[in-house]
Amino acid sequence: MSRLSYKIFGALLLTVLLSVGLTSFAANQLTASQFRQYIIRGNNEFITSVESTLGTYYAQYQSWNNVDKILVQLLGSNGGRLVLSNAGGLILADTENKWVGHLTDEYNLSDGNTVSVSGTAAGYFYWLGSDISASGSGYGKGMHNGQNSTGNSDVTIITEPQQQLLDEMNRSIWISGALAGLAALGLGLLLANQIIRPINILNRSARQIASGKLSQRVKVNSRDELGELAESFNHMAKNLENNEQSRQRLLADIAHELRTPLTVIEGTVDGMLDGVFAADTHHLTTIKEESATLTRLIKDLRDISLAESGKLKLEMAQVDIADIVQRQARQASILAKDKSISLITDISSGSSAITGDAIRLNQITSNLLSNALRHTPTGGQITLSLKNMLYQGKPGVMVSVADTGEGIPPADLPHIFDRFYRVTTSRARSEGGSGLGLAIVKEMTEAHGGYVWAESTLGKGSTFNYWLPVSRG
Ligand code: ADP
């Protein structure tokens, strides 16, 4: 048994013992007191009826002759012993026939029940326990076995069968209390096991995850807090597994991306060393271009890893996105002219002041524009537009870069913002694309609280839009 089981079992045992003990004790006390009340009522009724019968008897015969038979009849099954004296204290009748002819003082009988006839005391009677000896002291009305109660207080003579009944009842209460306690303990252990079992399973699974078995999952059987914990555990395990898979994929992708330019550089340098290639401008330019590709790849990787880990530091300031778009359009227009592409800018008037990092916003726009320039054929058209737009009820600006390029196949469209994803038919690789440009655009836009999405028709062109919230006030 684990330590938690001990604790739960201990707490349960303590609770059961306390509650069962206290309940049984209270029930015992209550039963005894109720039973006593019941006896007192019965005894009082008995004394009253003896009083009235003896009074009637004396009134009828004006003497106590032959009263002993009546006394025996009166006692009946009430238990104890009835003793009757005349007004002078001389004992006239005794259901045990021992004290007749003696004085009540001899037996310390005091304060008897008065039998009054027409306002005067015709005698006294005493109700005593049956085993009272002559030497007993202080016996009187309503006394039982040494219990001294004189005067008019309540009479609590408890006969042996009554005492047995009371004991029996008390025993039953303790036994049922103990049985209820055992049942509660058994049920409690069953419930405790239901709590501990899933915790143990979770514990085992957590150890498996820690040892690297990331495919480990636990079964979710309940909808309570433990069920929620199991679900969170599975969610965590799935994330860990996904992260590990994407880490491995990323490493493989990086290795792949580095290999091509390095192979070209190595091959060219080897060729020059072996005298196959001349160390001329052409070959040196090849080496320089491939080095530039490597530098760009490393810069892009750094950006994306910072953005994905949430460590990308944005120099936030008030910027006018319209200025940024115009500046990027001016820079792109030189390249567009070279390729005989017409670049149209359409900036609608409206609020374009946003809070953002100017360098990153330039990077977003420049990435989209250079993609458009790369994918638009000679004589094509690129439209760069900016307008105000509500996105999910929030005011913002939408920048769109629309081209008349080859378009993106529908199957590739949902993946183009993934790291290293390239459309297979694309000429991008040959033109130096790292496959990270759009992933960086997505991370940067989201870091600004914005969104990016693409629309495309194969053979007709693509439109890339990004939306950013405008500054309030
Ligand atoms: P790269 O740096 O290789 O261009 P990106 O992340 O920028 O990588 O783009 C991902 C993929 O989306 C590339 O394979 C590219 O072919 C495709 N793509 C990006 N922009 C366009 C566009 N304007 N028209 C057609 N395809 C595009």
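When a ligand or atom number is given, it counts from 1 through the structure's own listing order.
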Worksheet item: Ala439 to ligand 1: N or O pair under 3.5 Å?
Response: no
Response to the item:
So for Asp403 against ligand 1, with non-hydrogen atoms under 4.0 Å, the contacting part is side chain
Worksheet item: Numbering the atoms of ligand 1 from 1, which are under 4.0 Å from a heavy atom of Tyr421?
Response: 10 (C), 11 (C), 14 (O)
Worksheet item: If you measure only the distance, is there a donor-acceptor pair under 3.5 Å linking the side chains of His415 and Asp412?
Response: no
Discussion item. Below 4.0 Å from ligand 1: does a non-hydrogen atom of Gly435 turn up there or not?
Written reply: yes
Practice prompt. Check if Phe417 has a non-hydrogen atom at a distance under 4.0 Å from any atom of ligand 1.
Written response: no
Fill in: Ligand-residue contact atoms, ligand 1 with Leu438, heavy atoms, under 4.0 Å
5 (P), 6 (O), 7 (O), 9 (O), 10 (C), 12 (O), 19 (C)
Response to the item:
Interatomic distance, OG1@Thr376 vs NZ@Lys339, rounded to 0.5 Å, equals 6.5 Å
Discussion item. Would you say Gln363 and Asp303 are linked by a side-chain donor-acceptor pair, where the criterion is simply a distance under 3.5 Å?
Written reply: yes
Worksheet item: Taking only heavy atoms of Ile416, which atoms of ligand 1 are found under 4.0 Å from at least one of them?
Response: 10 (C), 12 (O)
Discussion item. Go through it in stages, so that I can follow the logic: the residues are Tyr466 and Tyr451, the test is ring-ring contact (aromatic ring centres under 6.0 Å, His included), and I'd like the CA-CA distance, side-chain angles, deciding distance and then a yes or no.
Written reply: CA-CA 6 Å; Tyr466 70 88; Tyr451 306 91; over 10 Å; no
Practice prompt. For ligand 1, note which part of Arg422 has a heavy atom under 4.0 Å away: side chain, backbone, both or neither.
Written response: both
Worksheet item: Among Asn367, Ile408, Leu368, which one has a heavy atom closest to atom 26 (N) of ligand 1?
Response: Ile408
Below 3.5 Å, can you tabulate the donor-acceptor pairs from side chains in residues 172-192 to any protein atom, sequence neighbours excluded?
| unit_1 | atom_1 | unit_2 | atom_2 | d |
| --- | --- | --- | --- | --- |
| Ser172 | OG | Glu168 | O | 2.9 |
| Ser176 | OG | Ser172 | O | 2.6 |
| Ser176 | OG | Ile173 | O | 3.3 |

Practice prompt. Report, in ascending order of atom number, the atoms of ligand 1 lying under 4.0 Å from any heavy atom of Ser462.
Written response: 24 (N), 25 (C)
Response to the item:
Quick note on ligand 1: atoms under 4.0 Å from a heavy atom of Gly437 include exactly 2 (O), 5 (P), 6 (O), 7 (O)
Practice prompt. Please report the closest heavy-atom contact between Phe233 and Val218, naming both atoms and the distance.
Written response: CD2-CG2, 3.9 Å
Worksheet item: Ring centres of Phe417 and Trp453 under 6.0 Å apart?
Response: no
Fill in: Asp403 and Gln381 side chains, donor-acceptor separation under 3.5 Å
no
